[in-house]
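Scroll down for the structure; my scribbles are underneath it.
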Amino acid sequence: MNSPQYIIRNLTRKPVHVTLTIIPICVSFVGFIVIIGVRNAYDFERELDSANRLVTINRQSIIQPLAQTLPETVREIPGVNQVTYVTWFGGYFEQPDVRFAQYAIEQSTYFQVYNPVELTLAEHEMWQDEPRAVLITEQLANRFNWRVGDLVTITSTIWQQTNFDNRWQFIIGGIFSSEQADTDPNAMFIKHDFFDNNRLVGRGTLTFAVTKVAANSDIDTVQSNIDNIFANSRTPTFTSRESAFVESFQRQLGDLGFLTQLVMTIVIMVVLLLTTSSLVQSIVERRRELSILSAVGYSKLRLGSILIAEVLVIIVGAVIFALLFVQGLSLAVDQWADGSQLLKIELNALDSIWVFVVALFLGSIGSLLPLAQLLRTDLASNLKAGA
């Protein structure tokens with residue numbers, strides 16, 4: 001019997017023991033992989049910083065509005081290229097749990113601050129001429145099988161119309177790529193003028209403004225100037241880089257740096273403890289078997305390699321189960337959260353390789369003490385004693 005066959009037979013003869021060893025390792029790596037995936041989902045701050053965009057909200061809270069006159073004042077600040085504004089619509093389609101992002105955007109300036117979207121001539125004309133026209137991402141169109149010209153009803157949980165109805169009817173005016181527009185994969189753009197003219201309350205206000213700073217200007221200076229201008233106004237502002245604005249949502253999920261360190265510590269302790277205890281138990285339980293193998297020519301180094309290989313196979317199996325579980329969890333969360341970047345678990349091939357490297361390294365470290373014990377053991381004496 002060769003070594004691989006021997007390893008397989010040993011792993012399958014005590015399935016309960018192997019299962020009880022795999023489960024805690026698998027659970028610990030699930031937490032570790034999830035943390036990596038969540039961190040990846042927010043790892044786009046450098047790209048946002050390179051866009052030279054600032055986001056301005058009410059200093060009290062983002063749920064407090066700002067006046068629509070704010071962009072006119074900000075445009076006069078030296079170094080400002082363009083300013084646009086957005087209001088969060090907060091609606092759902094058909095059922096309250098069917099949600100996606102809806103933004104009421106300032107039509108004439110939004111795509112000067114953000115990348116312009118590519119539309120067909122017919123879509124462009126509808127977007128320009130139809131007050132109720134909205135733009136949607138390709139993902140959203142595929143999700144609901146919407147096509148240009150479709151009439152859709154979105155129920156807002158925030159805004160009522162002047163007729164006291166919170167059900168808003170829109171016409172699909174165009175479909176665009178979310179990557180091209182730097183926006184949420186499932187997003188709808190509503191015309192702010194139409195929205196503002198038809199809402200019951202809050203007219204003349206906005207949720208946040210986005211400023212694009214000229215390439216040759218100091219973004220930090222512009223940031224300070226914006227807040228200084230409105231410091232003594234009725235609505236003092238808080239301006240930050242777009243990356244910091246996105247990161248503020250990340251903080252609501254907790255300190256991912258601390259969580260990563262905590263989970264990594266747990267993973268190290270679990271893997272090292274289980275690796276060491278599993279090998280020690282295997283050596284104790286199989287003393288006679290190991291002695292016989294030693295008597296027929298197996299060296300201690302080869303026996304140790306076989307025992308370590310068994311443990312590493314268990315660890316690799318646990319990691320594979322953990323990766324499969326997280327992939328399934330990622331799909332479920334992505335479907336439940338409608339593709340929102342704020343609730344996303346992103347993994348790539350390098351992440352998987354990194355997890356395997358960490359697992360194998362910890363397994364190898366945990367095997368050193370039992371391996372040293374095996375090398376010091378007199379296997380021949382065990383066989384003579386009838387162990």
Side-chain angles (χ1 to χ4, degrees), residues 2-12 14-15 17-43 254-286 290 298-330 345-377:
N2 55 35
S3 296
Q5 291 176 326
Y6 182 64
I7 292 171
I8 293 173
R9 288 195 60 181
N10 284 325
L11 290 175
T12 55
K14 287 188 176 182
H17 173 73
V18 172
T19 302
L20 293 178
T21 305
I22 287 178
I23 289 176
I25 297 177
C26 181
V27 171
S28 62
F29 272 103
V30 164
F32 182 52
I33 296 167
V34 167
I35 291 296
I36 292 176
V38 173
R39 287 177 66 89
N40 288 345
Y42 293 101
D43 191 21
D255 187 342
L256 290 181
F258 171 74
L259 289 177
T260 302
Q261 294 176 3
L262 177 61
V263 173
M264 188 60 190
T265 301
I266 295 173
V267 169
I268 292 173
M269 293 177 62
V270 169
V271 175
L272 290 180
L273 179 62
L274 289 178
T275 300
T276 303
S277 62
S278 179
L279 262 180
V280 170
Q281 182 179 358
S282 182
I283 292 173
V284 172
E285 291 179 349
R286 295 157 60 183
L290 295 175
Y298 279 64
S299 66
K300 288 184 179 181
L301 187 59
R302 183 179 180 184
L303 292 175
S305 301
I306 290 174
L307 295 175
I308 293 175
E310 292 176 9
V311 174
L312 294 183
V313 168
I314 291 176
I315 293 176
V316 169
V319 172
I320 291 175
F321 284 127
L323 285 169
L324 292 176
F325 177 84
V326 173
Q327 289 289 355
L329 179 65
S330 175
I345 302 173
E346 293 185 357
L347 293 173
N348 53 49
L350 290 178
D351 294 326
S352 301
I353 294 173
W354 165 245
V355 172
F356 276 111
V357 169
V358 170
L360 294 175
F361 175 75
L362 293 177
S364 300
I365 295 297
S367 303
L368 292 179
L369 182 60
L371 180 59
Q373 177 186 348
L374 176 64
L375 295 176
R376 291 196 304 267
T377 302

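Considering only residues two or more places apart in sequence or on other chains, Ala318 meets the side-chain contact (heavy atoms from CB on, under 4.5 Å) condition with Ile22, Ile25, Cys26. Every side-chain contact (heavy atoms from CB on, under 4.5 Å) that Ile320 has, sequence neighbours left out, goes to Val316, Leu324, Phe356.
Each of Val27, Val30, Ile33 was compared with Phe325 under the side chain to side chain contact (heavy atoms under 4.5 Å, CB included) criterion, and only Val30 meets it.
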